[in-house]
J.: 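One structure, pasted below without further comment.
Residue numbers begin at 1 in each chain, while the letters A, B, ... track the order of the sequences.
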2 protein chains.
Amino acid sequence: MSAADATILLVDDHSVVREGYRSVLQKQPGLRVIAEAADGAEAYRLYKSEAPDLVIMDLSMPGIGGIEAVRRIRQWDKGARILVFTMHENAGFAVQAIRAGARGYVTKTSPPETLVRAVMDVLAGKIAISPDIDHELALSRLAGESSAADVLTPREFEVMRLLLAENTTEEIAETLHVSPKTVANLHSLIKDKLGVGSDIELVRLALRQGILTEVDLGEG
Amino acid sequence: MSAADATILLVDDHSVVREGYRSVLQKQPGLRVIAEAADGAEAYRLYKSEAPDLVIMDLSMPGIGGIEAVRRIRQWDKGARILVFTMHENAGFAVQAIRAGARGYVTKTSPPETLVRAVMDVLAGKIAISPDIDHELALSRLAGESSAADVLTPREFEVMRLLLAENTTEEIAETLHVSPKTVANLHSLIKDKLGVGSDIELVRLALRQGILTEVDLGEG
DNA sequence: GCGACGGCCGGGAAAATTTCACGACGGTGC
DNA sequence: GCACCGTCGTGAAATTTTCCCGGCCGTCGC
């Protein structure tokens, strides 16, 4: 435990899983886990008090999620090094995470070596993406699937969010203070722009692109 | 490592997570992890060759999922003791798991002690459910939400599955060899029986009840 | 200033879908 | 036999979706 060890903050809402990170990382010389958090808010607090060299962050967590935690930490410390380590084998999430300021994205299905390698790369200032996500990103590029966040105007995106969260056209019209007709028109336009034929496909696309998570839907 | 140790098979598609189980369990005397599997098929194969006293099983895995793996193992060995350990804090999944033959259901957010306790309980022949799921189950009972699997007839359930998986009414009519009109009628009837007003709500309910998982939707 | 453009809001009408009422058929239980 | 339920389908009404339209407003380039 020399003073030169790189210090690490682990963030994951599953304690048994944190135990796994620890076990893998402590086999690696030069790394030292100095703190653990179970949600985004705690992660932010601990980052400020502990100033670790690296954060390993899960995405799906109660309260403020991982993406938002990444954003806040980066806002507080522009140089923060955050490696996202998550179960989502989903290019959409990776794009969001990197845009939010993460320096790496590794899926939990990756072998321990990949995680260790990514930790080292991020500490060395590189960007680390696990191979499966690299592949996913390439595929989505090739498929040319429209990214909802890109092709939709802010208003359309908002309506889409509400469609997925609330239910009836009338309710949305009310919260937006526009006519139900407008919402219906937008709804149709959104499906058109996104190239989906049904609401069910719309939900699937939102899930695939990480606009929505399972827990968002389940709780609603 | 006495011969009297209880032998355990770990099943989880995330290697780092298996590392976590190991770390927690090996602190407990009387337990010995003898094998690990990364998916349902491998779990089944290893169960037959290793005959462990207990299986600790994740649910969301590539290929055949955890529920199906539980079913197969129990079919092969009526006395198999399987403890489901998953991220899904979802009463629907718990019901499915128990019906498939699991002897316990613990969420990954639970502290390590809860997992250890559940392992001991299941080995002792008891049924172990983590407190959060107990609570969820109680709530869903109180809310009296119609369980899709109960209120729907087999045919209706099948159509619902197809609606969530495929997309157009025509395609489903084709695969079922019935008129599109019938599918439309069923579609309407299903929403009525389930008390949902829109397709989006239908997806949400399916997710909540564990009829569908995020990966089902994403991959479609 | 002024014209072009794009986002936003909604009306109107045609087209498609959803919903409801109804009948037929086979299987099951009494 | 008879009642009941699940399945399948028709037809017509009700509703929604979709398409086409025009107006309003802010921005950009000239």
J.: Rounded to whole Å, how long is the line connecting atom CD1 of A:Ile190 with atom P of C:dC9?
T.: 11 Å
J.: With distance as the sole criterion, do the side chain of B:Asn185 and the base of C:dT17 form a donor-acceptor contact below 3.5 Å?
T.: no
J.: With a 3.5 Å cut-off and sequence neighbours excluded, list the donor-acceptor pairs that the side chains of residues 43-52 of chain A form with protein atoms.
T.:
| unit_1 | atom_1 | unit_2 | atom_2 | d |
| --- | --- | --- | --- | --- |
| A:Tyr47 | OH | A:Asp77 | OD2 | 2.7 |
| A:Ser49 | OG | A:Leu46 | O | 3.3 |

J.: Salt bridge or not between B:Asp12 and B:Lys108? Use side-chain N to carboxylate O under 4.0 Å.
T.: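 Result for this pair is yes, salt bridge flagged.
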J.: How close or far is atom P of D:dT17 from atom CG of A:Leu163, stated in whole angstroms?
T.: 10 Å
J.: Tell me the closest heavy-atom pair linking B:Ala38 and B:Arg18, and the distance in Å.
T.: CB-NH1, 3.8 Å
J.: Might you list the N or O atoms of the protein lying below 3.5 Å from N or O atoms in nucleotides 12-16 of chain D, with each pair's distance?
T.:
| unit_1 | atom_1 | unit_2 | atom_2 | d |
| --- | --- | --- | --- | --- |
| D:dA12 | N6 | B:Lys181 | NZ | 2.8 |

J.: Report the distance from atom CG of A:Leu163 to atom CD1 of A:Ile190, rounding to the nearest 0.5 Å.
T.: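 Here the rounded value is 5.5 Å.
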J.: Measure from the ring center of B:Phe93 to the ring center of B:Tyr105 and say whether it is less than 6.0 Å.
T.: no
J.: Using a strict 4.0 Å threshold on nitrogen-to-oxygen distance, state whether A:Glu68 and A:Arg71 make a salt bridge.
T.: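 Salt bridge: yes.
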J.: Below 4.0 angstrom, N of the basic side chain to O of the carboxylate: do A:Glu158 and A:Arg155 qualify?
T.: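 Salt bridge: no.
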J.: Please report, rounded to the nearest Å, how far the P atom of C:dG7 is from the CG atom of A:Leu152.
T.: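 Atom CG in A:Leu152 sits about 11 Å away from atom P in C:dG7.
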J.: Tell me: CG of B:Leu202 to P of C:dT19, nearest whole Å?
T.: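 That distance rounds to 11 Å.
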J.: Could you tell me which non-hydrogen atom of B:Ala97 sits nearest to which non-hydrogen atom of B:Val70, and how far apart they are?
T.: O-CG1, 4.4 Å
J.: Grab the CG-P distance between B:Leu194 and C:dT19 for me, whole Å please.
T.: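 Interatomic distance, CG of B:Leu194 to P of C:dT19: 13 Å.
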J.: Using nucleotides 5-8 of chain D, report all nitrogen or oxygen pairs with the protein that are shorter than 3.5 Å.
T.:
| unit_1 | atom_1 | unit_2 | atom_2 | d |
| --- | --- | --- | --- | --- |
| D:dT7 | OP1 | B:Arg155 | N | 3.0 |
| D:dT7 | OP2 | B:Thr153 | OG1 | 2.1 |
| D:dC8 | OP1 | B:Arg155 | NE | 3.2 |
| D:dC8 | OP1 | B:Arg155 | NH2 | 2.6 |
| D:dC8 | OP2 | B:Arg155 | NE | 2.7 |

J.: Provide, to the nearest angstrom, the distance between the CD atom belonging to A:Glu158 and the P atom belonging to C:dC9.
T.: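 Distance, rounded to whole Å: 11 Å.
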J.: Sub-3.5 Å donor-acceptor pair from the side chain of B:Thr7 to the main-chain atoms of B:Asp53, do we have one?
T.: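 Flag set: sc B:Thr7 to bb B:Asp53 pair under 3.5 Å.
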J.: Please give, in whole Å, the distance from D:dC19 P to A:Asp192 CG?
T.: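 Nearest whole value for this atom pair: 6 Å.
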